[in-house]
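Note that the coordinates shown come from a computational prediction; the quantities given were computed from them, not determined experimentally.
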Amino acid sequence: MEKTEVRNQTLIMEFILLGFGSDPELQPLLFLLFLLIYIVTVAGNILFVVLVVTNKHLHIPMYFLLGSLSCLEICYTSAILPRLLASLLTWDRTISVKGCIVQLYFFGILTSTENLLLTAMSYDRYLAICNPLRYAALMNGRVCWQLVAGSWISSFLLCTIVNIFFFQLTFCDSKEIDHFFCDFSPMIKLSCVDTQTLELLTFIISVTGTFVPFLLTLTSYICIITTILRIPSSIGRQKAFSTCSSHLIVFAVLYLTVLTVYVVPTANVPKVLHKIFSIFYTVLTPIINPVIYSLRNKEVNESLRKTVLKLVA
């Protein structure tokens, strides 16, 4: 029997994002918490971009890619947190169907672009450590621009294809989405029409935009670690590993949480736990990126110190 026969009900024009429950005492605390996270995330990433732009000794491929990632993180967190903050403040949890699809669209573009940028960064570290003599020739400013532009354009095209199909869906049955933002799986369950084609298309594009970059990044780091272990001196190994350890931490945190949410079976997993893992990759990853790259990088720390001294002087 077709979905349209099973759900022969009035079509809905808006969803209700249930978020984190309706406890009146919890809402103000969550609002303050997410507001603080949003402010720190935007300020931290803007500061990192300013440091990269204003300090000439940071005008190298690695920091260009890091600055691009910080710009993306500002957009990433802005695609989700302002809507969540508004619902916590006003208690209005409704969002139009078109608004929900648009949020999902930008979320998809930004997620895919982040995966591709992390792959570009791993390629940069691979060349620097495994092929240092050709690094300057293979990783110049033009190549960096091509990698960043290619990440954005390919993500835009792939997600646009999915969104064209998504806008053709109609929704019925229930208005409620038990999540704090518009994600693919909760929305597709509310569709009145057959979604097999869309789900297959989304699976293919997800593999292309997420799993392939994951394998490429993983392969790069296998080669990097193998090369580092061959370095005879412990000081040399430590110096080589320090140049890529920050990126490796971010890569591990992001993909562990994403795989936990989207790949691990969730039938017996409490929805609250599912939301907590979602917070890790949508909210916490953008805030920890500039912290990790700054704390574990002497050049960034030195640039920050000089900038602060100039402002104070």
message = Can you tell me how far apart OG (S70) and CG (L117) are? Round to the nearest 0.5 Å.
response = 10.5 Å
ask   = Do I46 and I37 share a hydrophobic cluster, counting only Ile, Leu, Val, Met, Phe, Trp and Tyr and linking them when any side-chain heavy atoms are less than 4.5 Å apart?
value = yes
query = Which of parallel (below 30°), tilted (30 to 60°) and perpendicular (above 60°) describes F107 and Y281?
reply = tilted
query = Under 6.0 Å from the CZ atom of F106, do we count more than 12 heavy atoms belonging to anything else shown?
reply = no
message = Is the distance from the ring center of F34 to that of F20 below 6.0 Å?
response = yes
key: Flag if over 12 foreign heavy atoms under 6.0 Å of CG, L229   = yes
query = Does L216 reach the side chain of S122, with side-chain heavy atoms less than 4.5 Å apart?
reply = no
ask   = Going hydrophobic residue to hydrophobic residue with side-chain gaps under 4.5 angstrom, can you get from V283 over to L26?
value = yes
query = Under 6.0 Å from the CZ atom of F31, do we count more than 12 heavy atoms belonging to anything else shown?
reply = yes
query = More than 12 non-hydrogen atoms from neighbouring residues, nucleotides or ligands closer than 6.0 Å to CD on Q146, yes or no?
reply = yes
request  = Using atom types as modelled and distance alone, determine if a side-chain donor or acceptor of R93 lies under 3.5 Å from a backbone N or O of I16.
outcome  = no
task = Spell out, yes or no, whether I161 and L104 are grouped together once hydrophobic residues are joined by side-chain heavy atoms under 4.5 Å, including indirect joins.
result = yes
request  = Quick one: pull up OG in S206 and CZ in F203 and give me the separation to the nearest 0.5 Å.
outcome  = 8.0 Å
message = Can you confirm whether R83 sits close enough to S87 that some side-chain heavy atom of one is under 4.5 Å from a side-chain heavy atom of the other?
response = yes
task = Without swapping roles, check the side chain of T219 against the backbone of L215 for a donor-acceptor pair under 3.5 Å.
result = yes
pair check: C130 + C223, SG-SG < 2.5 Å = no
inquiry  = Using only atom types and a distance under 3.5 Å, with no angle test, would you say the side chain of T119 pairs donor to acceptor with the backbone of N115?
reply    = yes
request  = Could you tell me whether F167 atom CZ has more than 12 heavy atoms of other residues or ligands within 6.0 Å of it?
outcome  = yes
message = Using 30° and 60° as the class boundaries, would you call the ring planes of H179 and F181 parallel, tilted or perpendicular?
response = tilted
key: Min side-chain heavy-atom separation L147-M139 under 4.5 Å   = yes
key: Joint cluster assignment, L118 & I225, ILVMFWY side-chain distance < 4.5 Å   = no
message = Within the structure provided, determine whether S112 and F156 are in side-chain contact (heavy-atom separation under 4.5 Å).
response = no
ask   = Are F166 and Y105 close enough that their ring centers fall under 6.0 Å?
value = no
message = Membership question, hydrophobic clusters at under 4.5 Å side-chain separation (ILVMFWY): are I39 and L33 in the same one?
response = yes
query = In terms of heavy-atom contacts, does OH of Y255 have more than 12 from other residues, nucleotides or ligands at under 6.0 Å?
reply = yes
inquiry  = Is a donor from one side chain sitting under 3.5 angstrom from an acceptor on the other, for T113 and S151?
reply    = no
inquiry  = Please report the interatomic distance OG1(T202) to CD1(I188), rounded to the nearest 0.5 Å.
reply    = 6.5 Å
query = Do Y63 and V53 come close enough that some side-chain heavy atom pair is under 4.5 Å?
reply = no
key: Heavy-atom side-chain proximity of L284 to I279 below 4.5 angstrom   = yes
ask   = Between M121 and L66, is any pair of side-chain heavy atoms under 4.5 Å apart?
value = yes
ask   = Any side-chain heavy atom of L69 within less than 4.5 Å of one from F48?
value = no
task = Please state whether the rings of F214 and F251 are parallel, tilted or perpendicular, taking 30° and 60° as the class boundaries.
result = parallel
